[in-house]
Structure formats: C-alpha cells, structure tokens
Amino acid sequence: MAIVLTSAYLNQLKKGSNTPNVIIELFLDNETVLWTTSALKPDGGLNLYGSPIISKISSLQSKIDTSKGFSTLGKFSFTVTGRDNWIKLIKGNYLKHRRVVRREGFVADGFLYSDYAITFRGKISNWNRKGDDLIIEVVDDLEEGKTKIPTETARKNQYIDYRNTNPVDAMLDILSTQLGIDSTYINTTAFEAERDQWLAGWKVNRVLTDPKAGSKFLSQLQQETNSFIFHDGQRISFKVYAPVAPGQTVEKWNDNSHILDKSLTQESGYKDHHFTRAIVYYDYMEKGGNSPENYQSIFIFDDASASSTGEWLEPETKEIYSKWIRSLTHTQTTFAGVNISYVSFDNSIGTGKLYLVGGVNKRLMWQGPGDTAFGSLVDVNKGGRYEIFGASTNKSIMAVVDTSAFAALSTSQDIEITALQATVYAGQLAQKTVRRFRDPASKITFEIDKNAAAWKGNYIQPTDFKDITSDDIFDIDTTAWNNERVMITSLRPLDAKDRIKVEALQSRFSDLRYGFIAPAGYPDYTSASIVQKEYAFIGNSSNEVGATPDDGYYIW
Amino acid sequence: MAAPQESKLKFFYNNILTGTIFGSSGSIKATSTESTGDFSVDYINNNLESNMWKASDTASPQNITFELDGGTAPKANYIIISGHNLYSAGATVALQVDASTTFASTALVTIFSTVVADGIRSTDSVFFKNFNVVGDTSAPVQQSHWRINITHSSTYIPHITLAYVGLETELAFLQAPFDPYQQRVKSNVNKSLGGYVTGVHNRYTERKLDIRLNNQSTSVYAKVKTWFEAHGVQNFFVGWNATGSTESTGDIWLVRPDLDFNNPINMNHYRDIKINLTGRKE
C-alpha cells in the first residue's frame, strides 16, 4: 500500500496555490532534531518546532528496472546551512546509521504536524561539508541488501534452504531473517496479498550455498516471477506485474491537467523493451555463469508472427537464466551435519539413497532413483561442499557437510525426489515476456505538478498504473495515445521546482482485456454493467463477446 | 484632494536584550527554557529567524529579564516581538522595569500591559509598541532591570524568535519614488502541455525597500552611519507608519541591508543616502 495522505493534505493539493514544506526528523540518541524548509506554523496546541535551516534537498528517486529486476536504493541528501547550526551535531554524536524521517506537507492554517506525510524513512550513510553547508546523505533500508548471505563459515559449509518454497516467502525470508531488516520497514501485507493473488501456486527450489549480496538473490527472484520489490517511501513493498484487478480504478492523466509543458520525452522501446521470442533456461546446475551449458532444461516461446515479414522482420530474443525454477525438489536428509543442496535433473522422480560413513574416515555415497548400485565414495573429512555422483554419473547431488556433527556410524537413508511445475513456471515467464514485449513498449518520461502526487488518498509510487491520453505520444497503433495504460517505473521529486519527474513504461494492458473469475450470479455480457465487465466472459470461436461484437477476454 | 503619503521610516536595531549597549553590559534570562533541543533564550537577540526561545512548559507567567551588570542603565522607547505564538496563546504582554532583580520593589513600574489579541491583529504577526515614561509623551524609559512578562493560556508553551527593546531611530521623509510594500513572490508556477496552470507553489515572499534620502544633513547621515557601524548587515526591524502606540500589524518588517554602505556627498555638499533593504515577508 502506498503512503496514505490525510484529508488536510489532500485539500492542500486541491488548492490553486499552496506553500510546500519539508520536515527532516533526525533521531539521535538523546534527542530528536527537526529541520524544515519553512518554519512550522503553530498548530493550535503543544506544537513542535522545526528550525528552517534546510537550504536544499536533493531529489530522491524510487526506480524499478523492468528487465534486470532490481530497484534502486532510495537515497536523498539534504543541506543544512549555517556552520553554527550543525557543528554541534557532528561533535559528540554518532550520526552514521541514525534514523531519518522525511515528512512533506504544507504551511497552512489548521495543517497539523500529524498531517505531514512520511515520504521517506532511512538512515544516515554519509555527510560532507562544503563551506558553511553540511550535506547529509540518507539511504533506505534496502541498503541492507548489500550484506552477503549466507554468512560464510570457516569450512564453507554455509547454506540457506529454500526447497519447495513459494518465491515470495523466499523474498520475505531474505529481507527479514537473512538481512535482518526490521519488520516495521517491510510491508508484509503487500507481499502476502500479491503472493496470494498472483503467485499462490508457485514453488521455487534452491539451497543457497555461495555467499552473495542479498539484493542479488532478490533480483533473481523478481526477474523470474515478473515482480518488483521497491521502497514506497516508508517501507519495502512488493508488486507482481499483472493486470489491474476488478474494482481497482486507474487514474487518467492527460496533456491539459497533468503532463507539464516541455517535459515530455519518448523512447521507442526498440532497444530494451522488444522481444518476440523468449528462452527460459532452468534447472541450473549450481556451477558456472549464465550460459546454456550450465542449465539442464529450456523453454522457448516464439511469437513467429511478430517477427514475420509483415511485422518486425527479425526475431528479438530475451534470454532468462533462471536460478530458482527447478523441475525437481527433494526431501532433506536427517543425517546430522549433512544438507543436500542440489539434485541433478537426471535423477528423475523417485527414491534415491544417501549413504553415510561415519567414524574416522567420513564419506558419502549416492544412489539415484532407478539405479541398483551406489556411485563412488566421496571423502568428506574436511567438511565443505561436495558433488556426489551416483552409479549413473549424470545422477548427482551436491551436499554441504559439517563433519563435526557426523554420527560415528554407517547408514543409508531414502531421499524422495518429486516433481515441481517448472515447465509451467518457465512457460508462464516466457509467454508473459513475449506477450508484453512482442511490440516494442515505449518508455516515456514527463513531469507533473506535485499537486498531482495523490490518487485515492495515497501517494503515487512505482508500479502504479496510469492511463495516459496525449496528442504528443505515438506508437505503431496510433498517432495519439488514448487511455494507454502505462506502469510507473520511476518517480523523482524535483523539490526546487515543485514537480515530480515520472518515468513510465507502456504496459500493453490496454490492448487486451484480461479475465478474472466473476462471483456467481452475474448476467450475460450484453446485460452486464461496466463494473461487471471487468470480469471474464466466455467468447465465441473467435473469442468475441456481445452483439457488436467486442474483443473477448484473455488469460494472463 | 487626497492627503499625500507621508511617513518617515524608522529603524529598530538598538536592542538592550543583546546585553551590551550604550556603554552598559548585562545578561538576559528566562523563567524556563525547553531542554530537549536547542531553544536558548539567547536566540531572541541574535537577529536570526532560524532559531528561537521556547519555554519548557505551559506554566504562566513566563518572564524574560534583562539585568544590568555594569555601566549605565539603558534606555528604551519601543518593543518588538516577532516569530511568536502569543496571539494563539491568548497572551497578555507586560513590560516592567525595576531597580532590582526581584521586580518587587517599590520602584517597579509596569510600562504597559497589553492583550496581544487586541482586535487589530488576527494572527501571531509582529507585536510592536512604542512607550515612554509613564505620564510623559516623549521621554524614553531608563532603568537597570527590564522584564517582559507573558501570561498566557495553560494549553500553550510560548515561544519567541526575536525580541527587541530599545531606542528607535527615525530617518527623514523619503524623496524618491518608493513603495514600502514592494515585494516579490518566490514561487513555482507549473503549466501543462495544454497551457493550463497545474499548480502554484509558494516558497516565500521577499520584501524590498529601496530607500533614497537625497540632500540630507549630517544629522540624518550620522543616524544611518551609526546604524550600519553598530549593526552591520544583520537583520533588523524597519517601521513604516510606526508611530505612537499603534499596534499596526503590517508595518514592521524584518530586513537586512546590502553589503555595501555608500552615501556620497553630492555637489550641493549634502549627503545622498541610498540604502537597499531586503526582507522575508512574514
């Protein structure tokens, strides 16, 4: 959920003239310092006061990258002017990591401190001084994403187990448990709601053994589930790329009321947002980089008509190297000190056997499903990570071993290998990529007045959809956009000009109606209301509905 | 025929609350000061709007006192309080003088006691008052100990950004075309592609007073020279139509001068005084 705005705030946005104000709250160990761009007016009570010594606030940007699947760190800096005002702040205060809250509001009678919207929560990462000014940099909690996980051990036998796990649950675990981000700063409700609506049946399978920045794993998961983790200003939030659900309204923006003069740019999308063919490599072999030989499965989806003579002439291929989509999952051994981190695709479904030799010379053996003998013994005395081959050498597993926990015995255990719906997930990923980008998706940038920053009582945020009508934006289908649905990918407040710079990507959700299962009792299409028509209706053999007929509904 | 505009500008920079003035030295204190944060009573005389004194609680009255430590007892005939919440707090401001720090001796005199919400103002705008010795129309008050006594509603914690108590400086009548209400709005006005205004966002309004006093005698020049050399380029208050006991809310402004001071002697052997002042409109 985006930042919620009070009615007093919304009223100010409606005014033809208003006086914006920004408050910076700095939480030190012994006090809270308040700075503002304008002095706070008394609010009729035991009001707080902010010292109006901020001379500049650099625009903070919240951006998502639709192709690489990561969001930029929210960051901003502000300048406090007057040496005497800040010198006592530096001396005697541990500023680094101290929390900062940015509030936005207006100087107006009756506008209370509580009406100021919290638009950013973060912590101090740096300061520098230039003449009489102190410039303080603040970053959001996704900064923690740089921490490497799993934490490396002396024997390199670290691991985090995400077998047969919903990808959104994996993301939440990485954010909260592994990276240690306080739950206050994670919008868990948004994660769970999106998971339940769009990714309820998804299962990924991976055991992390190689320490990498947490943000890298999050980036992979986002890309492979067509979703976005972003900072909404107050908390880390989540959105799956999907059509707008019935009942949700989309704001309409146009040339007269929203897009500011001399601010509009448009890119064709030819370079970065055009794919007629998608290849998803999956069943990663947990070694090597993004190269086909390191993957055991592949799904190809090709929209041949898009690359035909009458259309774009040549195929444009998107390659997705999935690290998390797997065809198989496995039960975990209960042998102390052993964790199976990977089973190869060639093991197939069935029951394998893990054999452990305890005592002085510690070893492991593997027998793949369908094999009648074990493979070679692998000496694991030193602990760490090992690849263990079955009698059929293409049937292998990888295990993380901590020999200090080994029991002094020799025994075997059944390991059940079962199927996951990898083909479905890979197929959905490939099809949705091509469906969206088979015609180039334009990227547009423009500026809006900050009065347009709210919709339905909430601050706008990346991943919001807007329907754009403009005589100045074109594509292959039209000389002027009419309610063309775009997704906001970046917001950059330009405080000095009281504007917001918006970057958005054509969504292609205007081209087709995507169906949702309606509640029982709805009438037929010809009698249905506009609201009811947001759900799906079954079309004729040409997927048309109604008397006109209209184009029918599609499955997302 | 309509009456012409006539007024002399007044400079209000002389402030006994700074602690050093007219060969006297003293100190200021407040009944209480908020301890969380930086709200020292010293901020009321530093000529900056970016900090303030704030009481520690809602107790009433709150007093700000000046006590003479050495030298001659200072004189004053005006008081200005700005950046306050005294109107909202329903406050009564009294200015008192005494020969001792107790403010309870037989020498205690209440020069005035005024309800800030006096029917003239409707906001926490600048509070200004001229005064003289009680019963006298011209003699400024001279005493060793001064007190600003604030009684107010029990739900408010009073604060004051700037407080001046001192002797006013009156200049001569202006000659060159001059609009004392000249101002420039610092604002962002955004227009859409279709040419419609989508928002007007105000930052602040800047006041501009360009003062021209031509062919002035040495006495007028001496006043401005004394002002600049004593006060420099700091903020100070200027008054337009600021006479008597008026509590006019619109004619006392906080301004600062340009960095140059240049008032040449002209060919008539008089001074052409030129002072450019800029201020932030309250």
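Because the structure is predicted, anything quoted here is derived from the model rather than measured. Any value given below was found using the heavy atoms of this structure, including those in side chains, with hydrogens, waters and symmetry copies removed. Protein chains get the first letters and strands the later ones, always in sequence-line order, with residue 1 at the start of each.
Neither the backbone nor the side chain of A/K15 comes within contact range of chain B; no heavy atom of the residue lies under 4.5 Å from a heavy atom of that chain. Only the side chain of A/D472 comes within contact range of chain B, with heavy atoms under 4.5 Å apart. Contact annotation for B/Y43: only side-chain heavy atoms (C-beta onward) come within less than 4.5 Å of a heavy atom of chain A. If you measure heavy-atom distances from A/A452 to chain B, you find no contacts under 4.5 Å at all.
Note that the CD atom of A/E31 and the OG atom of B/S35 stand 9.5 Å from one another [nearest 0.5 Å]. Atom NE2 of B/H201 and atom NZ of A/K497 lie 12.5 Å apart (nearest 0.5 Å). Rounded to the nearest 0.5 angstrom, B/T198 OG1 and A/R499 CZ are separated by 7.5 Å. For the atom pair OG of B/S50 and CD1 of A/I54, the computed distance is 12.0 Å after rounding to the nearest 0.5 Å. Going from atom OG of A/S17 over to atom CG of B/N202 covers 3.5 Å, rounded to the nearest 0.5 Å. A distance of 14.5 Å separates CG in A/L260 from OH in B/Y196, rounded to the nearest 0.5 Å.
Within 6.0 Å of NZ in A/K501 there are 12 or fewer heavy atoms belonging to other residues, nucleotides or ligands. Within 6.0 Å of CG in A/N30 there are 12 or fewer heavy atoms belonging to other residues, nucleotides or ligands. The number of heavy-atom neighbours closer than 6.0 Å to CZ of A/R129, taken from other residues, nucleotides and ligands shown, is above 12.
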Legend entry - A/D498 vs B/R203, side-chain contact (heavy atoms from CB on, under 4.5 Å): CA-CA, chis, key distance, verdict: CA-CA 10 Å; A/D498 291 309; B/R203 293 291 165 193; 2.5 Å; yes

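Of all the listed residues (A/N18, A/N451, A/T19), the one sharing the greatest number of non-hydrogen pairs under 4.5 Å with chain B is A/N18. Between chain B and the residues A/T32, A/D471, A/N254, A/D449, the most heavy-atom pairs under 4.5 angstrom are made by A/D449. Of the residues considered (A/I448, A/L13, A/D261, A/L28), A/D261 shows the highest number of contacts with chain B, using heavy-atom pairs under 4.5 Å.
Closest non-hydrogen pair, A/N256 versus B/G194, comes out as OD1-CA, 3.4 Å.
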